[in-house]
2 protein chains.
Amino acid sequence: MIDARLVTLRVFARCGTIGATAELTGYSPSAVSAQLRELQRVLGMQLLVKDGRGVRLTATGRFLVAGSDPLIAQWESLRAAAMEAGDQVQHHFGLGGFSTAAAQLLAPLAATLRTTRPLLEVQVLEADPARCFDLLIAERIDLAVIVAMQSDTYGEDDPRFEQTVLLDDPLDVIIPGDHRLASRETATLEELASEPWITEAAGSTYHSLFTAAFTAVGVTPRIAHEAVEWETQIAFVGAGLGVGLLPRLAPLHRAENVVRLRITGKAKPTRRIVAAVRRGSIASPLIQESLRILQVNANRILTARPDEDL
Amino acid sequence: MIDARLVTLRVFARCGTIGATAELTGYSPSAVSAQLRELQRVLGMQLLVKDGRGVRLTATGRFLVAGSDPLIAQWESLRAAAMEAGDQVQHHFGLGGFSTAAAQLLAPLAATLRTTRPLLEVQVLEADPARCFDLLIAERIDLAVIVAMQSDTYGEDDPRFEQTVLLDDPLDVIIPGDHRLASRETATLEELASEPWITEAAGSTYHSLFTAAFTAVGVTPRIAHEAVEWETQIAFVGAGLGVGLLPRLAPLHRAENVVRLRITGKAKPTRRIVAAVRRGSIASPLIQESLRILQVNANRILTARPDEDL
DNA sequence: TCGATCATGCACCTATTCTGCATGGTTATC
DNA sequence: GATAACCATGCAGAATAGGTGCATGATCGA
């Protein structure tokens, strides 16, 4: 119910360029430009100034964007309360999440919702955690499942979001089937310190998880290979190229020559998976139901996994 | 920045019928109907139900309207703060007021603003106090000058408005030039209790002022004639038909055979004139400036009047 | 200097949204 | 109980807001 042009301005405040805003909102750059020009005309405020080959927000623009946070939150809160009070049905619901979450958590959620709310049109978008937040601001999605990252630009107390912990996903180690520890069920990171490790490229979302796990026990692993997808990493391990960390939520399927070991020892690395929504919308019955379903599914997967894989 | 359809819903919540909403917002009935239907579709809420030959709000609808009050207020507040912080210029400004106010206060205000803010497009609407509030809700006007009425449906603490006292306009008495008291400068209501009085029709906006003035001193006046406009009332008095109450703000011009006397005694009847704005917008520099101008003008008229008329 | 990047204006098109009129259902009046 | 008045709504047509795609100009890095 908040004017789309104000939402566009908020997205721009995140992106900094018209082009990126267009990409994120789904408009063309011309449309974004026209929208922001129109917004300035209607409000009688100069919100943008030219800056080099781009544009940037004026002080007034930044003020307006910052001040719009509680406005958005209040609207979300009002809508959620009205939906709850009136027992009404939503007809579109956007979900976002990173790859593992999208496959393991969001897909089942979407399937469940399809049966419990047949009239609801669910859309799932796979996206980076960072992009998920942007999509929330852009109102392209209503709920995001992401890995908590303190290195993120979005703190837990960001006025635009509310975050709830879904689960702490333990990191297991995967090793080749012919590895010296392959018959074990658990291992410590210290035992594996000298192994050739497979991880993601530095700077990626999950690389920091990797390093955090090892700094906790005070060893520096040797990074031998890099993979983007879990599938690739599993294949690398299966080929005997090294060992890797795999979240328990990520399925091993029945990969050839790969064994999953639980990590024991003083540091049990986990990744915290949280659900994020626009502030105010958490009370919405649809979101409440989704969070319940997500938590149930997460726990089910977590407890089922050992029997399936180990 | 709040969706126009939500504003329309709020107006409907006031009016109760689609037709009245259309009249007040300036749309056609079909447009209002379509807007509200669209609003329900977008929100996925049933807001209206058929009720006889009309429609009425559902519980959800009432909930949404009530909850939208702080939302509107917050937006107004944000816009006002941004305008102030950024020293920006508005380009449209709607004023509303009852007849005397429109002529004596709003016209000079509009004239002043035309010189101080040449780019500003000022629109003045003459309307009942009650209609002024409706016009504020409908966002047709931004500031209204009205006579405070405790009998009104809009209390001083209405979450939709903020009201500031502009002045307490004393009520004078006007009598024929050949009246026995015509040479006096002051009179008491008790002295005039037995006179034939001229006032507005019972139930009208100013009639309650009239009765309130007399109940304060404990006498019941004899109502001989009724007039709608001050001009008419003055003419009646000039014709010797009776006496009447005239706010000091209302000009006597140089009416034939009419004398204005100040009222003295234990009860000095006044009508309280207040400015009303949408809650949150009071901090806007344009509104602040307007209130200043209104107050200066009001005081100027009030002090100048005796020399001009008496 | 050249290419890349970014915003913006313009022509054109699409889709929303408004108006005016006709319709159907509901209430009041005679 | 018939008729008139009233109210909301649907539809066809028209206006308009708002979109896209391309060309342009301006700026920055190589």
Side-chain angles (χ1 to χ4, degrees), chain A residues 1-58 60-62 64-65 91-92 121 134 138-140, chain B residues 1-58 60-62 64-65 91-92 121 134 138-140:
Chain A
M1 243 354 66
I2 308 294
D3 195 297
R5 293 167 296 189
L6 184 59
V7 176
T8 303
L9 182 73
R10 289 167 55 82
V11 176
F12 174 84
R14 280 282 320 140
C15 305
T17 76
I18 300 282
T21 307
E23 192 278 328
L24 206 56
T25 54
Y27 291 117
S28 67
S30 321
V32 171
S33 181
Q35 276 194 13
L36 296 181
R37 181 151 27 93
E38 187 62 12
L39 183 65
Q40 297 181 84
R41 198 192 61 77
V42 169
L43 295 182
M45 302 181 191
Q46 185 170 357
L47 303 172
L48 302 171
V49 281
K50 285 194 169 176
D51 181 33
R53 57 186 159 184
V55 288
R56 71 179 152 76
L57 287 177
T58 62
T60 309
R62 281 192 299 277
L64 190 67
V65 168
H91 62 62
H92 184 267
E121 184 183 298
D134 290 345
E139 307 199 353
R140 293 276 298 274
Chain B
M1 241 357 63
I2 308 296
D3 194 297
R5 294 167 296 190
L6 185 59
V7 176
T8 302
L9 183 73
R10 288 167 55 80
V11 175
F12 175 83
R14 280 280 321 140
C15 305
T17 75
I18 300 282
T21 308
E23 192 278 328
L24 207 56
T25 53
Y27 291 116
S28 68
S30 322
V32 171
S33 180
Q35 275 193 13
L36 296 181
R37 182 151 26 92
E38 187 62 13
L39 183 65
Q40 297 181 80
R41 200 193 59 79
V42 168
L43 294 182
M45 303 180 190
Q46 185 170 359
L47 304 172
L48 302 171
V49 282
K50 286 193 170 175
D51 181 33
R53 57 183 161 185
V55 289
R56 72 180 152 75
L57 287 177
T58 62
T60 310
R62 281 191 300 275
L64 191 66
V65 169
H91 62 61
H92 185 269
E121 185 182 299
D134 290 345
E139 305 198 355
R140 294 275 297 275

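Convention: sequence-line order gives letters A, B, ...; per-chain numbering from 1.
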Can you pull the contact range of chain A along DNA chain D, 5' to 3', using atoms under 4.0 angstrom from its heavy atoms? dG19(D) to dC28(D)
Between Asp134(B) and Arg14(B), the two heavy atoms sitting closest are OD1-NE, 3.0 Å
I need the residues from residues 34-41 of chain B with at least one non-hydrogen atom less than 4.0 Å from DNA chain C; give them sorted by number, or say none. Gln35(B)
Any salt bridge (charged side-chain N to carboxylate O under 4.0 Å, His left out) pairs touching residues 44-54 of chain B, not counting sequence neighbours? Asp51(B)-Arg56(B)
For the residue pair Ile2(B) and Val7(B), what are the closest heavy atoms and their distance? O-CG2, 4.3 Å
Under 4.5 Å between any side-chain heavy atoms of Met1(A) and Leu43(B), yes or no? yes
Residues passing the side-chain contact (heavy atoms from CB on, under 4.5 Å) test with Ser30(A), sequence neighbours excluded, are Ser28(A)
By nearest-heavy-atom nucleotide on DNA chain D, the more 5' of Leu48(B) and Val32(A) is Leu48(B)
Expressed as a whole number of angstroms, how long is the span from Tyr27(A):OH to dT14(C):P? 19 Å
Mind checking what makes side-chain hydrogen bond (donor to acceptor under 3.5 Å, both in side chains) contact with Thr8(B), not counting sequence neighbours? Gln35(B)
Select base, sugar-phosphate, or nothing to describe what Ser30(B) touches, counting heavy atoms under 4.0 Å on all strands. base
For Phe12(A) and dT8(C), what is the distance between atoms CZ and C1' respectively, to the nearest whole Å? 13 Å
Sequence neighbours excluded, which residues qualify as salt bridge (Lys or Arg N to Asp or Glu O under 4.0 Å) partners of Glu121(A)? none
Who pairs with Gln40(B) by side-chain hydrogen bond (donor to acceptor under 3.5 Å, both in side chains), at least two apart in sequence or on another chain? none
With heavy atoms under 4.0 Å as the rule, sort Ser28(B) into base, sugar-phosphate or nothing. base
Test log, rule side chain to side chain contact (heavy atoms under 4.5 Å, CB included), inputs Val32(A) and Val11(A): CA-CA 10 Å; Val32(A) 171; Val11(A) 176; over 6 Å; no
With the criterion being N/O to N/O and under 3.5 Å, what pairs connect the protein with nucleotides 27-30 of chain C, and how long is each?
none

Mind listing the side-chain donor-acceptor pairs of residues 16-24 of chain B below 3.5 Å, one per line with the distance, residues two or more places apart or on another chain?
residue	atom	partner	partner atom	Å
Thr17(B)	OG1	Ala20(B)	N	3.0
Thr21(B)	OG1	Thr17(B)	O	2.7
Glu23(B)	OE1	Arg131(B)	NH1	3.1
Glu23(B)	OE2	Arg131(B)	NH2	3.2

Apply side-chain contact (heavy atoms from CB on, under 4.5 Å) to Arg140(B) and list each qualifying residue two or more places apart in sequence or on a separate chain. Leu125(B), Leu135(B), Ala138(B)
